[in-house]
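Data first, discussion second: the structure below is written as structure tokens.
By convention in this document, chain letters (A, B, ...) are assigned in the order of the sequence lines, proteins followed by strands, and residues within each chain are numbered from 1.
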Amino acid sequence: MAAYNHRLVEDKWTEYWEKHPINVNDGKRPKYYCLDMFPYPSGNGLHVGHWRGYVISDVWSRYMLMKGHYVIHPMGWDAFGLPAENYAIKMKVQPAVSTADNIRNIKKQIQKIASIYDWDMELNTTDPKFFKWTQWIFEKLYENGLAYEKEMPINWCPSCKTGLANEEVVDGKCERCGAEVTKKNLKQWMLRITKYADRLLDDLDTLDWPEKVKKMQTEWIGRSYGAEVDFKVDGKTDVITVYTTRPDTLFGATFMVLAPEHRLSLSLATPDRLAEVEKYIADAANKSNVDRLQGKEKTGVFTGSYAINPMNGEKIPIWLSDYVLADYGTGAIMCVPAHDDRDFAFAKKFGLPIVQVISKDGKADEEMEEAYTEAAGIMVNSGEWNGMESAELKVEAPHIVEKKGFGKAKKNFKIRDWVFSRQRYWGEPIPIIHCPKCGNVLVPEEELPLTLPEVDRYEPTGTGESPLAAIESWVNCKCPKCGGDARRETNTMPQWAGSSWYFLRYVDVNNDKELVNREVADKYLPVDMYIGGVEHAVLHLLYSRFWTKFLCDIGVIDFNEPFKKLFNQGMITGKNGIKMSKSKGNVVSPDDLVNDYGCDSLRLYELFVGPPELDSEWDERGIDGVYRFLCKLWNLVQDNKDKAVKETPELLRVRHQLIDTITDRLESFSLNTVISGFMEFNNRLIKMKDGVDKGTLETFAVLIAPFAPHIAEEIWSELGHKESVFKEEWPVADKEAMKEDTKEIAVQINGKVRATIQISVSAGKDEVLDMARESVKEKLTGNVVKEIYVPGKIVSFVMK
RNA sequence: GCAGGUAUGGUGGAAUAGGCAGACACGAGAGACUUAAAAUCUCUUGGAUUUUUAUCCGUGCCGGUUCAAGUCCGGCUACCUGCACCA
């Protein structure tokens, strides 16, 4: 008997599948779109962690295939952007060259996974045929008033030398390189994602996504309801509008704080306070984001001016402090120290009055130790509102304020518009022409794609200008409107542009007339299952949802959510949970493992290593276990294939239990226990004294096919089949055939197991209790006060 | 600070819906085969006491509900992730 030779078997079936594709669109099967988050083609190649997500999505795709679907399972390359460009700079080559090289290498590595990718659909975001449509979408956004130019202080990474979106700043640092982000005043292209904030939030409810991701997006969008309230400045005509979510606490507003950047902050300073105020404003401007966030101790300065509390007419001092954000709400707040922790800390530090307006029992406390921040209690010290329920008042107050004429109900969002310009070379050029006469003019659609010029120097300049600005021959052009001299926009799009819509393109990848044909889109989109890491929870996944909604609004597609179901696989880490990286020297390459153990073994081990949604440490030795399992399975088939073993009720029972177990665990995405299930049943079958029948072996081959496709095909063909095992339908367990005649149950006395008994499944309660009593009769010495029988589970005696 | 997650043998991890904790695998130990080793096969493998038999303890910690708790409830601790002055 020949031992299992994975190289021979795997080579054979790789070749077979090339000639006989198993996933073909016959136009009859319903579609199922299972998508991987496409990789950026890094120069480092794949490690075993990258394999995991791809294996999971391929298992799921093959399962869907066997369940009768035509599976759309494409792969492509997210090749624009900083990582690709930084790599090119390091290697001192053109990004176009290094990117093409990297794609070639990574594609080879990915093909070793043996996924059923349809390479006819392959796409690449840096391909002009692709990014023509990325630019086209920008033009549509512009035409619809959703892309606009604005000069403002934006997040600037001094190391990457480019502006960043809010979403790309993590803990005040650049998401890419970790450098501390500063502010820089730049004229930027912005996308009005805030206009979609409500829909982006509300539609989360319709998605089958991990709660964690929905929650992260919810918090990122950060909707709150409250009111804008006008405060007159005492002795002046100025009015300061504040945003508050707690207008019910208006009577407790004892001072007011403006962001140092507020337009009135300097003019409010009285002559005696001017020098100090000027200094405070200047200092705040010089503080970096990180400094401003880390300063736990509140700082501030009194302007010398007062505002009038519109509810009670009292004069309250106006302060400046950098704990108030200039770009949220109105950049000014009313402060209710009794009911807000931050205001409380500020009031304590600067000796400002604290007036309680909500109390638990309707009586104000003598002195407050800390702010009472809950919105439940009885109003006190609040004039006409005294005695009201604060929770109810909180809802009413915006409308009361509105009626009284000094405010209005208002909702606010934390999300900011998307900073869309990058001062880098390796991205899609923004298709805008700046004409001195006509202003901003779009590059005419027929001139798209607007390609990048070939350049000698593409390093970032750091001046806030893209390297493209130095290419005079490219920058200088004619205005499409008036024909006069004009200049091209020299900023490029961020890395996220291409990935915000690529999933729409796979199904119509060669269309040069449209982004995607509407009929094709209606038939094959949207994505049914999207698999990738959780790191894109707010970035890519939010941007994609935004663009999908927009494209739906303008009629390109007919659905407004791109990904129905989302699965985030956990990371594979090195020892002690340390992220695999070249610099840590703990990267495990799949290539050697495939060579030594085979693709099937590595696929199984990627799943067996732990629950797919959790991070798992890679333990090199564990792969021996799955390899042994495959060898044992192989031997089982070799031992039995020519024996013509009779199909017994016992074998039939095992077979259907196997179908049931595997299907159940697969459906619930418990892929690690699917593998252990295979091992368990394999061990059971090996122990069958009279051998295993052909039908059971066939079932085993069919069930394991999505996981270990090569050996499954080989076994299937050894059992005498001419066609691929993937032509088989996924089997359904026969619940009747699965049933056991007898069952072992435990007998407990006072909660401790004292015996186990074999009962007939059909046995009645009295019969079982008799058997149970008999089995523990020596121990059942006391007074039995209670007898419990949970059918098919357990017998429990309570003895006194 | 706020929100979410996790905690089970030497290790990775199992355990529908409260019903025999430790499946499956790694590692370790013993044995068979072998001149020998590797591979393979068989057995053992949570801890303690015990000759056998058996008993007790055991799922981060403290308490509760229940005939019965890894699982439910209340209160903690540690680690991980996300957000972090958003008024």
Phosphate OP1/OP2 of [N]: any [X] side-chain N/O under 4.0 Å:
{"X": "A:Lys752", "N": "B:A69", "result": "no"}
{"X": "A:Asn672", "N": "B:A14", "result": "yes"}
{"X": "A:Asn683", "N": "B:A25", "result": "yes"}
{"X": "A:Lys212", "N": "B:G4", "result": "no"}
{"X": "A:Arg628", "N": "B:U40", "result": "yes"}
{"X": "A:Tyr323", "N": "B:A87", "result": "no"}

Rounded to whole angstroms, how far apart are [atom1] on [X] and [atom2] on [N]?
{"X": "A:Lys793", "N": "B:U71", "atom1": "NZ", "atom2": "C1'", "result": "13 Å"}
{"X": "A:Asp171", "N": "B:C85", "atom1": "CG", "atom2": "C1'", "result": "14 Å"}
{"X": "A:Met256", "N": "B:A87", "atom1": "CE", "atom2": "C1'", "result": "12 Å"}
{"X": "A:Asp341", "N": "B:A87", "atom1": "CG", "atom2": "P", "result": "13 Å"}
{"X": "A:Tyr605", "N": "B:G12", "atom1": "OH", "atom2": "C1'", "result": "7 Å"}
{"X": "A:Ile794", "N": "B:A21", "atom1": "CD1", "atom2": "P", "result": "8 Å"}
{"X": "A:Trp220", "N": "B:C2", "atom1": "CH2", "atom2": "C1'", "result": "16 Å"}
{"X": "A:Ile675", "N": "B:C24", "atom1": "CD1", "atom2": "P", "result": "15 Å"}

With respect to the side chain of [X], which nucleotide from [options] is positioned closest?
{"X": "A:Lys298", "options": "B:A3, B:A87, B:C85", "answer": "B:C85"}
{"X": "A:Gln748", "options": "B:C20, B:A25, B:G13", "answer": "B:C20"}
{"X": "A:Lys632", "options": "B:C57, B:C41, B:G13", "answer": "B:C41"}
{"X": "A:Lys215", "options": "B:G4, B:C85, B:A87", "answer": "B:G4"}
{"X": "A:Val170", "options": "B:A15, B:C83, B:U16", "answer": "B:C83"}
{"X": "A:Phe608", "options": "B:C20, B:A87, B:G12", "answer": "B:G12"}
{"X": "A:Arg754", "options": "B:C56, B:A23, B:G19", "answer": "B:C56"}
{"X": "A:Glu680", "options": "B:C20, B:C67, B:C24", "answer": "B:C24"}
{"X": "A:Ser796", "options": "B:C67, B:A14, B:C20", "answer": "B:C67"}
{"X": "A:Thr244", "options": "B:A15, B:A87, B:C26", "answer": "B:A87"}

- Message: Taking the nucleotide of RNA chain B with the nearest heavy atom to each, does A:Asp619 or A:Ile788 sit closer to the 5' end?
- Response: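 Upstream on the strand: A:Asp619.
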- Nearest-nucleotide comparison on RNA chain B, the residue closer to the 5′ end among A:Ile686 and A:Gly625: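 Result of the comparison: A:Gly625.
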- Among A:Val692, A:Asn640, A:Val637, side chain to side chain contact (heavy atoms under 4.5 Å, CB included) partner for A:Leu685: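 Filter result, single survivor: A:Val692.
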- Message: With a 4.0 Å cut-off on N to O distance, would you call A:Asp171 and A:Lys173 a salt bridge?
- Response: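 Salt bridge flag = no for A:Lys173 with A:Asp171.
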Just to be sure I understand the rule, does [X] reach a base, reach only the sugar-phosphate, or reach nothing, if contact means heavy atoms closer than 4.0 Å?
{"X": "A:Thr245", "answer": "sugar-phosphate"}
{"X": "A:Ser224", "answer": "sugar-phosphate"}
{"X": "A:Val609", "answer": "sugar-phosphate"}
{"X": "A:Glu744", "answer": "base"}

Spacing of the [atom1] atoms in [M] and [N] (rounded, Å):
{"N": "B:A38", "M": "B:A30", "atom1": "P", "value": "12 Å"}
{"N": "B:G19", "M": "B:C72", "atom1": "P", "value": "11 Å"}
{"N": "B:U44", "M": "B:C56", "atom1": "C1'", "value": "22 Å"}
{"N": "B:U8", "M": "B:G13", "atom1": "P", "value": "9 Å"}
{"N": "B:A15", "M": "B:A68", "atom1": "P", "value": "25 Å"}
{"N": "B:G4", "M": "B:A54", "atom1": "P", "value": "48 Å"}
{"N": "B:U81", "M": "B:G31", "atom1": "C1'", "value": "49 Å"}
{"N": "B:U11", "M": "B:U50", "atom1": "P", "value": "26 Å"}

- Query: Quick one: do the A:Thr241 and A:Asp230 side chains pair a donor with an acceptor below 3.5 Å?
  - Reply: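 Side chains of A:Thr241 and A:Asp230: pair found under 3.5 Å.
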- Task: Give a yes-or-no answer on whether the side chains of A:Ser796 and A:Tyr789 include a donor-acceptor pair shorter than 3.5 Å.
- Result: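 No, A:Tyr789 and A:Ser796 have no side-chain donor paired with an acceptor closer than 3.5 Å.
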Donor-acceptor contacts, no H, no angles, side chain residues 621-633 of chain A, under 3.5 Å, sequence neighbours left out:
{"from": "A:Asp624", "atom 1": "OD1", "to": "A:Tyr597", "atom 2": "OH", "distance (Å)": "3.0"}

Quick one: pull up [atom1] in [X] and [atom2] in [Y] and give me the separation to the nearest 0.5 Å.
{"X": "A:Leu542", "Y": "A:Trp418", "atom1": "CG", "atom2": "CH2", "answer": "8.5 Å"}
{"X": "A:Leu602", "Y": "A:Arg52", "atom1": "CG", "atom2": "CZ", "answer": "12.0 Å"}
{"X": "A:Ile221", "Y": "A:Asp198", "atom1": "CD1", "atom2": "CG", "answer": "9.0 Å"}
{"X": "A:His339", "Y": "A:Met368", "atom1": "NE2", "atom2": "CE", "answer": "5.0 Å"}

- Secondary structure string for RNA chain B (Watson-Crick or G-U under 3.5 angstrom, | for other-strand pairs): (((((((..(((......[....)))((((((.......))))))((((....))))..(((((..]....))))))))))))....
- Can you name the ring pair (Phe, Tyr, Trp, His ring centres under 6.0 Å) partners of A:Phe350, sequence neighbours left out?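 If we apply the ring pair (Phe, Tyr, Trp, His ring centres under 6.0 Å) test to A:Phe350, skipping adjacent residues, the hits are A:Trp319, A:Phe346.
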- Query: Relative to each other, are the rings of A:Tyr605 and A:Phe608 parallel, tilted or perpendicular (30° and 60° limits)?
  - Reply: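 Rings of A:Tyr605 and A:Phe608: tilted, as their planes differ by 30° to 60°.
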- Item | Torsion-based syn/anti label for B:G64, 90° from 0 as limit |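 Because its glycosidic torsion lies more than 90° from 0, B:G64 adopts the anti conformation.
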